[in-house]
Protein chains: 2
Amino acid sequence: MQKKQHKTIRAKSVEKILAAAQGEFVSQGYKGATVQSIADQAQLPKANVLYYFKNKENIYHAVLEQTLNMWDDGIGDIVPEDGPKLAIEKFVRAKITMSFKNPQASKIYAMEIIQGAQHLQDFARTYQRQWVTEKAKIFQHWINNGEMQCVDPVNLIFLIWSTTQHYADFDNQILTIMGNSHYEQNDIEHITAFLTDFILRGCGLKQ
Amino acid sequence: MQKKQHKTIRAKSVEKILAAAQGEFVSQGYKGATVQSIADQAQLPKANVLYYFKNKENIYHAVLEQTLNMWDDGIGDIVPEDGPKLAIEKFVRAKITMSFKNPQASKIYAMEIIQGAQHLQDFARTYQRQWVTEKAKIFQHWINNGEMQCVDPVNLIFLIWSTTQHYADFDNQILTIMGNSHYEQNDIEHITAFLTDFILRGCGLKQ
DNA sequence: ATAAAAGTTGACCTCGTGGTAAGTTTATTT
DNA sequence: AAATAAACTTACCACGAGGTCAACTTTTAT
């Protein structure tokens with residue numbers, strides 16, 4: 001109770017709106033999402049939503065920003081000291097955890113990229129580019145030292161991204177095929193084991 | 001000239017509309033796509049588009065159906081006779097080829113799944129489920145025979161799907177990071193080699 | 001206690017878009 | 001050549017959704 005009072009009304013409303021907006025944008029797409037529906041899910045009148053965010057685009061931007069921040073925070077870093085095996089294990093685990101913890105964020109991001117990243121700022125793109133080239137260098141170093149198989153580092157990163165995000169983005173398809181309605185803790189552990197195992201072996205770091 | 005005259009006017013118009021619609025639905029989403037814009041890109045008046053397809057949803061359904069058919073046709077089959085190595089090679093190659101040949105189709109399908117497969121018929125989902133369990137059995141057979149590493153077949157299929165489709169769905173991101181505006185033949189071959197190599201090694205079928 | 005700031009809301013306006021109606025032109029059949 | 005069907009087109013309508021506004025209430029600072 002006390003804790004909540006510390007939050008300003010603004011912060012609480014904004015939080016509710018963003019949570020509602022995230023779901024709405026995922027299921028309906030940018031244009032398909034309506035401010036009214038976001039308002040309903042947030043249990044606020046439409047005009048109130050528009051009081052906190054001037055317009056629909058601002059809501060979407062806020063959701064995107066939130067998503068990108070989460071991506072940054074949750075991503076386990078790849079550092080030379082860890083060596084290839086530990087680094088890859090950590091990274092894969094971090095990505096999978098994020099995928100299962102907040103699939104919506106992954107979906108928002110995926111849709112944005114698929115549609116051509118129309119709303120994504122330039123800085124977000126160049127930032128990623130730098131991140132990839134930086135980490136690729138570390139992998140290349142390990143390869144040169146003979147610490148891991150000679151696999152293209154950039155494509156390795158893409159492979160890890162795609163395989164880990166897949167379970168969030170395509171959860172619908174996967175759950176249908178697995179015959180479940182949602183992921184159990186079991187599934188998550190099994191998938192994590194499968195992916196780390198497979199990727200390590202692909203990098204020549206196992207058996 | 002003669003060839004074109006064989007096609008009825010209807011067939012030609014429908015083709016133009018579907019091609020235009022595919023691009024429009026990818027870049028704008030279902031709700032964001034406008035019949036007017038589809039008509040413009042197809043170089044037809046809006047009313048003419050609605051003459052061939054009763055309404056927008058029908059256009060989308062037609063695009064989806066076309067996409068699913070392509071998915072079916074292009075998919076290299078996995079048969080026991082090939083053995084694990086050849087089968088996986090063939091399958092990966094087939095999927096990559098499709099991804100680079102028609103990325104739009106992959107994107108449409110991806111967005112549909114991400115958004116919850118609201119427009120996808122039940123039969124399409126159960127069909128996939130059957131396909132996966134059937135092919136998983138073949139993999140399991142090879143594993144039991146000691147022809148390949150013990151990796152979970154279903155997740156292996158997911159991994160192949162995700163890695164191959166990734167290059168189509170996220171081409172925007174990937175090209176930005178690679179610093180190109182589009183894929184060259186070189187890139188495609190390099191990616192194909194990387195993926196087949198990595199996946200085969202992951203399955204214990206190399207070195 | 002009082003003023004200012006922040007929050008809340010129903011009513012309203014405008015514009016874009018899906019879809020229709022009704023008619024004209026072009027192709028096909030007999 | 002006439003008649004029938006297919007293809008095409010213009011003008012229009014209805015409606016949903018984004019966004020504004022002004023009145024009102026609550027909260028916060030002095």
Side-chain angles (χ1 to χ4, degrees), chain A residues 1-64 108 111-112 115 118-119, chain B residues 1-64 108 111-112 115 118-119:
Chain A
M1 201 60 194
Q2 272 213 334
K3 215 175 173 182
K4 272 205 174 177
Q5 280 173 341
H6 281 284
K7 282 183 185 172
T8 69
I9 296 173
R10 174 172 225 97
K12 281 202 295 182
S13 289
V14 164
E15 196 178 328
K16 277 202 289 184
I17 293 166
L18 287 182
Q22 198 182 40
E24 177 75 1
F25 281 125
V26 167
S27 68
Q28 307 299 321
Y30 176 75
K31 201 62 187 283
T34 72
V35 178
Q36 184 65 63
S37 174
I38 293 171
D40 290 348
Q41 284 173 253
Q43 298 187 52
L44 293 170
K46 186 179 79 165
N48 199 352
V49 171
L50 258 18
Y51 166 72
Y52 287 108
F53 298 90
K54 296 247 167 333
N55 52 44
K56 183 172 152 181
E57 210 188 338
N58 279 6
I59 305 177
Y60 184 68
H61 275 147
V63 171
L64 251 189
I108 288 259
M111 287 179 58
E112 178 64 22
Q115 297 202 345
Q118 293 163 339
H119 301 264
Chain B
M1 202 59 195
Q2 272 216 336
K3 216 175 177 185
K4 274 206 174 177
Q5 279 175 340
H6 279 284
K7 284 182 184 172
T8 70
I9 294 174
R10 173 172 225 100
K12 281 201 295 180
S13 290
V14 164
E15 195 179 328
K16 276 201 289 184
I17 293 166
L18 287 182
Q22 199 182 39
E24 177 75 0
F25 281 125
V26 167
S27 67
Q28 308 299 322
Y30 176 74
K31 201 62 188 285
T34 71
V35 179
Q36 184 64 63
S37 174
I38 293 171
D40 290 348
Q41 284 172 254
Q43 298 186 49
L44 293 169
K46 186 180 79 162
N48 199 351
V49 171
L50 287 155
Y51 165 72
Y52 286 110
F53 298 89
K54 294 245 169 334
N55 51 43
K56 184 171 148 180
E57 210 189 337
N58 278 7
I59 304 177
Y60 184 68
H61 275 148
V63 170
L64 251 189
I108 288 260
M111 289 183 55
E112 178 64 21
Q115 297 201 345
Q118 293 162 341
H119 302 264

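Protein chains get the first letters and strands the later ones, always in sequence-line order, with residue 1 at the start of each.
Taking the salt bridge (charged side-chain N to carboxylate O under 4.0 Å, His left out) definition, one finds that A/Glu57 meets it with nothing, sequence neighbours left out. Listed by chain and number, the residues in a side chain to side chain contact (heavy atoms under 4.5 Å, CB included) with A/Val26 are A/Gln104, A/Lys107, A/Ile108 (sequence neighbours excluded). Residues passing the side chain to side chain donor-acceptor pair (under 3.5 Å) test with B/Glu112, sequence neighbours excluded: B/Tyr60. Residues satisfying the side chain to side chain contact (heavy atoms under 4.5 Å, CB included) criterion with B/Leu50, sequence neighbours excluded, are B/Val35, B/Lys46.
Residues of residues 17-27 of chain A having a heavy atom closer than 4.0 Å to DNA chain D: none are found.
Side chain of A/Asn48, nearest nucleotide from D/dA7, C/dT9, C/dA6: C/dT9. Of the candidates D/dC8, C/dG10, C/dT8, the closest approach to any side-chain atom of A/Ala47 belongs to C/dG10.
No more than 12 heavy atoms of other residues, nucleotides or ligands lie within 6.0 Å of CD in A/Gln43, so this atom counts as exposed by the packing criterion.
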What N/O pairs connect the protein and nucleotides 12-19 of chain D at under 3.5 Å? Give each pair on its own line.
unit_1	atom_1	unit_2	atom_2	d
D/dG18	OP1	A/Ala33	O	3.1
D/dG18	OP1	A/Val35	N	3.4
D/dG18	OP1	A/Lys56	NZ	3.2
D/dG18	OP2	A/Val35	N	3.0
D/dG18	N7	A/Lys46	NZ	3.0
D/dG19	OP2	A/Lys56	N	2.7
D/dG19	N7	A/Lys46	NZ	3.1
D/dG19	O6	A/Lys46	NZ	2.8

Taking N or O atoms only and anything under 3.5 Å, show me the protein contacts with nucleotides 22-24 of chain C, one pair per line.
none

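Of all heavy-atom pairs between B/Pro45 and B/Ala39, the closest is C-CB, 3.9 Å. Counting all heavy atoms, side chain and backbone alike, B/Leu44 lies closest to B/Val49 at CB-CG2, 4.4 Å.
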Side chain to side chain contact (heavy atoms under 4.5 Å, CB included) assessment of A/Ile59 paired with A/Phe25 | CA-CA 10 Å; A/Ile59 305 177; A/Phe25 281 125; 4.0 Å; yes

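Legend: ring-ring contact (aromatic ring centres under 6.0 Å, His included) pairs involving residues 35-56 of chain B, not counting sequence neighbours: none detected. Residues in residues 28-42 of chain B take part in these side chain to side chain donor-acceptor pair (under 3.5 Å) pairs, two or more places apart or across chains: B/Glu24-B/Ser37, B/Gln36-B/Asp40, B/Ser37-B/Gln41.
The CD atom of B/Glu15 sits 11.0 Å away from atom CD1 of B/Ile17, with the distance rounded to the nearest 0.5 Å.
Distance, B/Gln28 CD to C/dG16 C1': 14 Å, rounded to whole Å. One atom, CD1 of A/Ile9, and another, P of D/dT25, lie 16 Å apart when rounded to the nearest Å.
Taking 4.0 angstrom as the limit, A/Arg10 places a side-chain polar atom (N or O) nearer than this to OP1 or OP2 of C/dG7. Using a 4.0 Å cut-off, no side-chain N or O of B/Tyr51 falls inside it from OP1 or OP2 of C/dT20.
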